[in-house]
Structures are given as structure tokens and as C-alpha cells.
Amino acid sequence: MLETPRTSRIEDFALIGDMHSAALIGRDGSVDWLCLPRFDSPALFAALLGTPEHGRWRLAPTAAFEDADQPTASRRRYRPNSLVLESEWDTPDGTVRVIDFMPPREGPPRLIRIVEGVSGRVPMRSALRMRFSYGRVVPWVHKHEGRTVAVAGPDSVWFDTDCETYGKSLTTYSDFTVAPGDRIAFTISWQPSHKEPPPLPEPEQALEATEDFWREWVEHCTYHGPYREAVIRSLITLKALTYAPTGGIVAAPTTSLPEDIGGVRNWDYRYTWLRDAAITLSSLLRTGYREEARAWREWLLRAVAGDPENLQIMYGIAGERELGEAELDWLPGYENSAPVRVGNGAVGQVQLDVYGEVAEALHLAGRHGLEKDHASSHLLVTLVTYLETHWDQPDEGIWEVRGPRRHFVHSKVMAWVAVDRAIKLIESGGADGPLPKWRELRDTIHRDVCEKGFDTDRNTFTQAYGSKELDAALLLIPQVDFLPPDDKRVIGTIEAIQRELSTPDGFILRYPTAGQDEGVDGLPGDEGAFLACSFWMAHDLAMIGRIPQARALFEKVIALCSDLGLLAEEWDPRLKRQVGNFPQAFSHVGLVDAALYLQMVQAPAITGPAGVPR
């Protein structure tokens, strides 16, 4: 009955979700992370950041529980164009398939697991260890009219299966055997503990409806380039990170997966960053998804309502403003990477670049056919009015440094973007504003950046005014039309970043951290290559005509995707593994945007068997 504790690599987890929350499932058949009923709710299963004692649900052949040499599935995949996971196990007794999914929510939130016999007769085990409040609270588990229910404070979780269950060591077990054609379902459903029991699940109908939902959604995708499989998987992931009731988009469904294994660079990403949501929106718009853009625009207006001058860099998924940071000291952290944090103290930072990202998203919405909206136009004008007197102030920048504020070049460039897009809106008749004054402001910001943020000796823009350091965010300069791609300063910057911020295996760091003791970001330790930055580099190389280099780098980065096509925030070049919160919207947006641009320049793809990009 004893389970051998194992640590899975971050990229070995699969994502399933219902656009309210999401679960991570390891190759060993264990659900190690699930927050209910929302992305940012306390976790029911928190083994990801601790041990099995902090909550997990493992479903696997009985032999996998007992044999350390055969702990994981033989193969797994998503069903085509869906978020339905299939894992298959080959055992001495036969082959069995486990189907995992979370139905798009119409009733209570549910996670359904269906075990299907393929060949032979395979003994199986389900071990459900529910722990509330991030593994801290052991619930009261009892039977209610033949159903198993776990209750703790305001939460209840109902466990339904036709298999017999028994309790041991504060865990609910089921032991059973499957033969070819057998299909046995297990479901957990969350419900407020003061309400009536949720209705009994109908797993097979829910599976059919879930597959239909995702396949119909994918049919709207307008990208048909050589990397369609990778792009579709990224778009499904981005959709899964969208909170359906409000249109808010989380940066990732996890907290505290480390950027530096064993270090302190551990943050909670289960919130809506304006920047991340805006660039996610742009990717969805350019691949045919307008409804998501409309929902996000409405979320933005609600979140910022009445107080655009005090724009926050992030909000809760329903627009909440208070996201205070705390540490969960009872969790040891993923591979002992402590502290485990919930909430995010960066909510109070000043990051001027978000004005530009929001302006660009609203601008793209109009360009891609979203109907004009007076409220969003007014918001854009109000944001630029604020920037008139604040663009020249230092800030914490795109990377949320916890060191001193600086005059970050990328922040100034994005302030220019906000002014430029507002001018375009006014020129098109979509809003009223002081055109002559803002045209002068646009020129002033542009001149300031080119004079103070450029190192003439090295022919490169720098991270901040007066700095010698580089920053991969400078790669966005040509992508936002601040300067044309053929400008010598742009080319010089791209080449400098290639030289100075590349890892030995050719991926791009955000900025220098190696050897620093709480350097520019105010934190000790190092971090991996930021995957979005490598996609930005591929995009830029294509923009300056270096197509073979661009495509080679792009394909090198997508080769880092997990077997399921998922990407975390970073790649650790020393450990050769993914690090950071997972899956990460920023990384998948970078993949989609670079793929779209490479399709536009129509360079021949380098492909492997059956046309699969390598």
C-alpha cells in the first residue's frame, strides 16, 4: 500500500482544465495540482509543491504503485484538437488506458477519470488523498446516500464511482480489474459545503461534450502554416488559461514553480497581468478568435473602471485589486524551492509598459474587426492623458524587478506605443483628443529613448538609461514599429543580444543574472533562458531577413516542448529541463506570434517525418 514519493520534471505534467480552473497530471497518473473552484482558489491537491501527504489523486495499474521500476505511463497524448488526455500503460497483465478531462462548466466543477481496458486483465488502483487549503487541512470524509463526500469549512468534494471504496491512512482507495471493453469512471465534483449535493455525473456524456467543445473551437483557427500542430496546442492552452465567466486570462495555472531549482525565485502566476493578457489577446485575434477579445475588453473595462489613472499591472481573474503576497511555510516547495508564495506583491509596482500593451491590444481589436466601443476608446485616451506627465518617471519594468526603479528603455518604448496607438485611433475618427500635442509627445518620447537609451560605442539599445546591460525586451522595438527592422540600431541591438544574452545552447536570457548578488532584479541566484525571449529573437531575425537563422532558432525552441506540446516559463541550460510556472501563457504566445510571422515571410519549413516540424 505504500507509495514511493517521486518528483516529476515540470514538463512531465499534463494540463487539463475547464476554463475556470486547471489540473496538472504527472506521467505516474497522479493529479498533483488542482485548485477549486477557480484558478486562484486554495489547492485541493498540492503534492506538486510538497509531498503526497499534501494531497493528490493517483490512478494507475496496481503494479505501478508497488514497482519503482515501472512507475509511469508507457505513452500519452491529447485526443486530436482537444484538452482530453489519454495515458496508456503496458503491464505484464495487459494494457490499460486512462482518460482524464474537466468538462467545460455548466454545473459544478468536475474532474473525470475513465479507465478503459485495452488488452488482458489489469489490476488497477485509485488512491484519492484530499487535502484542503494547500495541503494543510484534512477534511471529514464520510458517506452520504452511498456517495463519498469530503468536507472542510466552506468546501465539499463529492467522489462518485461504481467501484467499491475503502479508507486507509486518511486516503480513499479503490482496487479493481479491467478487461478489454471495460470502462470504469471516477469523478470528483466541488460544491459549497452548505449546499445540496451536486447531481450525479454522467461521465460518458461529459466526455463527448468536452471533445465536441474543443474540436468546434479549434475549427475557428485561421492559421494553416507548417507549424499548425504546435500553434493549435498553444492556442488550446491559452484558451484553457482563460477564466470563462469574466474573460480574464491567467499567466499560468500554478504558483511557485521555481525559475531556479532550489532557489527563491518562486511566484504566484494565477492572476491576470495586463501585459500577458494583452499579448495573449493579440495572438488569439490574429488566429481568428474575436469572442475572446471581446470578453477580455469587457473584463478590462470592469477591472479599470473609474480609476484608470491608478492602473495596476495585474488584477484577480474577476478584476480584484487586492492580491497580497503570503508564504505557505508548511509546504517545502517543488524540489525544496522555498518559499511557496500565494498572492503577488508585484501588484503594487509601477510598470509603464502595460499602458502600451493595453493600447496595442485595443488597437489590434479594431484592426481585426471587433466593433468599435466608446468605453474602450475613452479608456485609451484617459491612459495616454495620464502618461503625458508620467512617461518620464522610473519604474520596475516588464520583468518586475524588486530592486530600485530605473528608466527602463522598454518601458519608454511602450509608452511611445500607447501614444502612437491613441493618435491612430483619433486620426481614424474613433476618439477625440489633442492631436498636435500628442504628436509632439510621441516625438519627444522617441527622441528621448534614442538619445538616452542607446549605446553608440556598442551600437545597441541598453536595458535602462545610463546602463551598459542588455535586455531581451529590446527585441520588441521593431515588432511594435518603434523603429523599422532595417534600422542599423535595431540590427545592432539584435546582434548584441545574440552575443551577450545567449546561453551556450543558443537560447536567450532576459537579462544578465549570472554571478550577481541581488543584481538588477534585487534577487539572489540565477535563472534559465526565458522562452518567450527566444521566440522574440526568432521573430526579429526573420524581420531583418535572416530567415534560415530565424527558422532554425524557432524550431530549436519548439523542440523543447514537452511530449504534449507544453512550455513552462524558462529553460534551464545547465539542467536541460523546463523551469518556472507551467504552462506559461507568455511562452505559448511567443510561439504563436513567431509562427505567424514565419508564415508571412513564406520561408520553406524544415520538417521531419510526415511533415512534423523538427
Side-chain angles (χ1 to χ4, degrees), residues 11 223 225-234 237 279 283 286 398 410 460-461 470-480 485-487 490-512 514 527-562 565-580 583-608 611-614:
E11 59 264 44
Y223 173 83
Y227 303 108
R228 181 172 167 85
E229 184 177 348
V231 168
I232 289 295
R233 181 50 52 196
S234 291
T237 302
I279 63 172
S283 293
R286 284 180 283 168
I398 182 175
H410 173 261
T460 180
F461 285 97
L470 296 180
D471 189 323
L474 301 169
L475 294 170
L476 297 173
I477 286 174
Q479 297 183 32
V480 299
D486 59 358
D487 188 290
V490 169
I491 296 171
T493 301
I494 295 169
E495 292 175 342
I497 290 172
Q498 273 189 307
R499 285 193 310 269
E500 300 182 30
L501 291 183
S502 288
T503 65
D505 43 7
F507 302 113
I508 305 299
L509 301 168
R510 292 190 291 182
Y511 48 80
E527 63 175 22
F530 202 77
L531 293 173
C533 298
S534 298
F535 285 123
W536 295 346
M537 175 61 78
H539 192 144
D540 274 21
L541 290 170
M543 293 186 82
I544 64 175
R546 300 178 186 178
I547 307 300
Q549 285 187 51
R551 197 171 287 279
L553 177 58
F554 177 81
E555 294 179 351
K556 190 172 184 178
V557 185
I558 63 171
L560 301 180
C561 287
S562 73
L566 302 178
L567 288 169
E569 185 177 23
E570 300 180 7
W571 171 257
D572 189 318
R574 301 161 302 172
L575 302 176
K576 305 298 182 186
R577 56 185 292 194
Q578 295 189 32
V579 291
Q584 174 77 7
F586 223 32
S587 299
H588 285 283
V589 167
L591 187 157
V592 173
D593 288 352
L596 289 171
Y597 193 82
L598 286 168
Q599 181 192 30
M600 189 176 74
V601 296
Q602 296 181 339
I606 304 168
T607 58
V612 177
R614 295 297 184 193

Quick one: list whatever passes side chain to side chain contact (heavy atoms under 4.5 Å, CB included) with I232, sequence neighbours left out. N81, V218, C221, R228, I236
Candidate pair L566 and C561, rule side-chain contact (heavy atoms from CB on, under 4.5 Å), full reasoning: CA-CA 5 Å; L566 302 178; C561 287; over 6 Å; no
Distance check, rounded to the nearest 0.5 Å: F461 atom CZ versus L475 atom CG? 12.0 Å
Identify the heavy atoms of L509 and G528 that sit nearest to each other, and give their distance. CD2-O, 3.6 Å
K576 and D505 ion-paired at < 4.0 Å: yes
Test side-chain contact (heavy atoms from CB on, under 4.5 Å) on E570 and R510; report intermediate values, then the result. CA-CA 10 Å; E570 300 180 7; R510 292 190 291 182; 4.0 Å; yes
By the salt bridge (Lys or Arg N to Asp or Glu O under 4.0 Å) test, which pairs, at least two apart or in different chains, include something from residues 534-545? none
Test side-chain contact (heavy atoms from CB on, under 4.5 Å) on L531 and V557 and set out the steps. CA-CA 7 Å; L531 293 173; V557 185; 4.3 Å; yes
Report the distance from atom CD1 of I494 to atom NE2 of H539, rounding to the nearest 0.5 Å. 10.0 Å
Please round to the nearest 0.5 Å and tell me the distance separating atom CZ of F586 and atom CD1 of I279. 4.0 Å
Test item: D572 side-chain N/O and L575 main-chain N/O as donor-acceptor pair under 3.5 Å: yes
For Y223 against A595, the heavy-atom pair lying closest together: CE1-O, 3.9 Å
Please give me the minimum heavy-atom distance between P485 and V490, naming the atom from each residue. O-CG1, 3.8 Å
State whether the side chain of S587 and the backbone N or O of A568 hold a donor-acceptor pair below 3.5 Å, judged by distance alone. yes
Which heavy atom in A472 sits nearest to a heavy atom in I497, and how many Å separate them? CA-CD1, 4.2 Å
Rounded at 0.5 Å granularity, tell me how far CE in M537 sits from CG in L553. 7.5 Å
In Å, rounded to the nearest 0.5 Å, how long is the span from CG of L470 to OG1 of T460? 5.0 Å
Begin with the C-alpha distance, continue with both residues' side-chain angles, and end with the deciding distance and a verdict on side-chain contact (heavy atoms from CB on, under 4.5 Å) for W571 and I508. CA-CA 9 Å; W571 171 257; I508 305 299; over 6 Å; no
Shortest non-hydrogen contact from P573 to A529? CD-N, 4.3 Å
Decide yes or no for F535 and V592: does some side-chain heavy atom of the first lie under 4.5 Å from some side-chain heavy atom of the second? no
Would F530 and F507 satisfy ring-ring contact (aromatic ring centres under 6.0 Å, His included), going step by step from the backbone distance to the final call? CA-CA 8 Å; F530 202 77; F507 302 113; over 10 Å; no
Between Q578 and L560, is there a donor-acceptor pair closer than 3.5 Å when you use the side chain of the first and the backbone of the second? yes
Pair Y597-R286, side-chain donor/acceptor within less than 3.5 Å: no
Answer yes or no: is there an ion pair linking R546 with E495, defined by an N-O contact shorter than 4.0 Å? yes
Starting at CG of L476, measure out to CD1 of I398 and round the result to the nearest 0.5 Å. 6.5 Å
Are the side chain of H588 and the backbone of L567 linked by a donor-acceptor contact shorter than 3.5 Å? yes
